[in-house]
Amino acid sequence: MRTSVGLVFLLVVACDGGAPEADASIDAAPVTDATPAPDASPADAGLAAPLDEALDCRRAGSAGGLPGGTHLTRVDVDLDRYPDALCNDGTGGVFFVRRATRAEDADRWIVQLLGGGTCQDGQSCANRFCASGSAIGALKMSSREAPTRGTTGEGISSMRADNPFATWNHVVIWYCSSDAWSGTARDVALEADHPERPGEPVRYRLHFLGSEIFDAVVDTLRAAPFSYRDASGDDVVMPDLDEARTVLLAGASAGSGGVRNQIDRFAEALRSDNPAVDVRAVLDAVMAPAREALGYADSALCRERDVCTYEAHLRPVWEETRPLRGAVGDESCPAWHAANDPGSEWRCGDLDHVLRHHITTPFFFRQDQADGVVMPNTVDLGYTVPSRGDAPMDARLFAELIAEEAATLTTSAWWSGEAHEGAGVAVIPGAFSPRCGHHETLRTESATYGVRVEQDGTQRAPMGLLAAWLAGDPVRAIAGDPSTFTCP
């Protein structure tokens with residue numbers, strides 16, 4: 001009997017919370033700089049109106065949508081079967097599918113988690129719903145704005161001839177839960193000031209059910225035979241995910257947070273029925289410089305919020321945001337800390353720490369050294385870098401630190417030495433790290449296919465590098481001086 005991925009979980013938080021810049025046209029980065037609001041409890045939900053009723057300022061926002069098209073077909077999650085697969089506003093979860101176009105690729109899959117930032121308290125969620133101070137709005141909290149029939153595959157799901165994954169099975173899951181795919185909490189009551197009428201209190205309730213949506217989609221794909229009706233009106237039967245040879249769980253920005261939250265238990269669930277399946281992670285726009293190695297004393301967090309240490313930054317994420325969302329995530333991280341360093345479990349609220357120490361499923365990552373969201377958010381907070389003589393963080397130093405992180409994580413020395421669970425890592429990660437200023441690229445064309453980074457004298461593109469890594473080549477392409485990379 002197969003084991004549902006939804007049955008294996010432990011409450012673990014996603015450290016993903018920062019707000020994007022006001023005029024950002026791309027997803028929010030994993031920079032946590034907010035403190036959850038008090039008095040937020042599912043027990044109070046009956047006293048609060050649903051999100052749509054309580055807030056009259058709903059705006060879809062201009063960032064993070066998908067274009068309509070026919071390359072992937074929309075499927076609505078069956079809410080009779082999966083009643084908790086709900087978006088923040090109570091609309092049902094949605095995903096898009098395309099069957100493999102070559103018979104030899106029928107057992108190869110890419111499951112992609114879309115991103116779109118997060119919210120973590122009453123005010124940030126209300127502001128998000130009304131697109132107040134951000135280009136990200138209610139379309140990332142609802143399936144109402146999802147394409148009604150289908151979408152055009154772009155980036156890793158593009159049908160381009162130069163995409164080595166074009167002929168695989170593709171699944172793209174709509175993001176509408178604001179929790180980096182971690183939540184299991186229904187009817188969470190929150191309070192805020194009205195985003196457009198300061199001083200006017202509002203009380204509302206929403207759902208944080210990203211993990212439930214993910215589990216519902218995965219279970220649907222494993223409940224063979226699963227079929228959909230394509231744009232031509234033909235009924236298409238998908239292969240059985242439980243008979244897969246290769247499965248990539250991919251995500252960018254908050255989607256990469258979702259992959260980190262879900263990948264190890266997802267891999268374990270698939271292997272329970274198919275021990276030979278090769279499950280791997282693809283992470284895009286995945287990291288900032290290691291927060292545990294930054295100086296906080298001169299930062300805006302310290303001056304304005306009295307958050308003056310790494311622990312003060314992350315402990316509230318672990319102790320407040322995690323329970324608020326009913327969050328699930330990498331279960332081995334808190335277990336390792338409880339056994340080896342009791343009292344430090346709060347470090348698992350930092351998904352960058354989880355990536356560097358506790359993800360044991362093989363992963364390939366892409367991180368731009370001049371990331372257009374992560375870099376300014378990090379630089380603007382005013383950290384210093386103790387390893388550089390307490391030099392203030394700036395764009396140059398950010399790029400250097402990201403390049404160093406990419407180099408470190410792609411060496412066996414890290415996994416055999418510093419990494420907490422490195423002994424469980426059988427495949428050294430692959431990396432692609434340009435310096436072009438892009439944020440996430442998994443679902444964009446020019447930033448995916450127009451960027452090259454030199455590796456051993458050869459200009460490499462990310463999809464080709466990923467394919468080589470899957471084939472067993474030890475690969476990393478990390479930009480150095482300007483002669484080593486090209487940008488569109």
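In what follows, residues are counted from 1 in the order of the sequence shown. Basis for what follows: all heavy atoms, side chains included, without hydrogens, waters or symmetry-related copies.
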Exercise for review: Only counting residues at least two apart or in another chain, list the ones meeting ring pair (Phe, Tyr, Trp, His ring centres under 6.0 Å) with F165.
Suggested key: W168
Point to revise | S211 versus R265, side-chain donor and acceptor atoms under 3.5 Å | key: yes
Practice item. Please name all residues satisfying side chain to side chain contact (heavy atoms under 4.5 Å, CB included) with A297, sequence neighbours left out, ordered by chain then number. Key: none
Point to revise | Pair S182, N261: side-chain N/O donor-acceptor within cut-off below 3.5 Å | key: no
Check your understanding: Would a 4.5 Å heavy-atom cut-off, applied to side chains only, mark T444 and E154 as touching?
Key -> no
Check your understanding: Do the side-chain N and O atoms of Q367 and S433 include a donor-acceptor pair separated by under 3.5 angstrom?
Key -> no
Point to revise | Residues E440, R443: salt bridge by 4.0 Å N-O rule | key: yes
Practice item. May I ask you to say whether R260 pairs ionically with D330, meaning some side-chain N is under 4.0 Å from a carboxylate O? Key: no
Review point. With sequence neighbours left out, what residues match L249 under side chain to side chain contact (heavy atoms under 4.5 Å, CB included)?
Key: V111, L113, F214, V259, Q262, I263, F266
**Study point:** Donor on one side chain, acceptor on other, S142 and D89, under 3.5 Å
**Key:** yes
Exercise for review: Using only heavy-atom distances, determine whether the side chains of R366 and T441 contain a donor-acceptor pair under 3.5 Å.
Suggested key: yes
Review point. Between R303 and D298, is there a salt bridge with N-O shorter than 4.0 Å?
Key: no
Check your understanding: With sequence neighbours excluded, what pairs up with R144 under the salt bridge (Lys or Arg N to Asp or Glu O under 4.0 Å) test?
Key -> D52
Point to revise | Partner set under ring pair (Phe, Tyr, Trp, His ring centres under 6.0 Å) for F364, not counting sequence neighbours | key: W469
Exercise for review: Identify, with sequence neighbours excluded, every residue that meets salt bridge (Lys or Arg N to Asp or Glu O under 4.0 Å) alongside E200.
Suggested key: R197
Check your understanding: Taking only residues two or more places apart in sequence or in another chain, which ones pass ring pair (Phe, Tyr, Trp, His ring centres under 6.0 Å) with W181?
Key -> Y175
Review point. Side-chain donor-acceptor pair under 3.5 Å between H439 and S253, yes or no?
Key: yes
Review point. With a 3.5 Å cut-off and no angle check, do the side chains of S178 and N88 form a donor-acceptor pair?
Key: yes
Check your understanding: Should the pair Y383 and Y296 be assigned to parallel (<30°), tilted (30 to 60°) or perpendicular (>60°) ring geometry?
Key -> perpendicular
Point to revise | Side-chain donor-acceptor contact under 3.5 Å, S132 with E196 | key: no
**Study point:** Residues in salt bridge (Lys or Arg N to Asp or Glu O under 4.0 Å) contact with E405, at least two apart in sequence or another chain
**Key:** R356
**Study point:** Which residues share a side chain to side chain contact (heavy atoms under 4.5 Å, CB included) with S158, sequence neighbours left out
**Key:** R160, N163, E445, Y449
Review point. Can you name the side chain to side chain contact (heavy atoms under 4.5 Å, CB included) partners of C487, sequence neighbours left out?
Key: C436, F485
**Study point:** Partners passing ring pair (Phe, Tyr, Trp, His ring centres under 6.0 Å) against H358 (at least two apart in sequence or in another chain)
**Key:** W336, H337, H353, H420
**Study point:** Residue pairs involving residues 351-429 (criterion disulfide bond (SG atoms under 2.5 Å apart); sequence neighbours excluded)
**Key:** none
Check your understanding: Side chains of N127 and S124: is there a donor and an acceptor less than 3.5 Å apart?
Key -> no
Check your understanding: With the threshold set at 4.0 Å, does a side-chain nitrogen-carboxylate oxygen contact exist between E454 and R460?
Key -> no
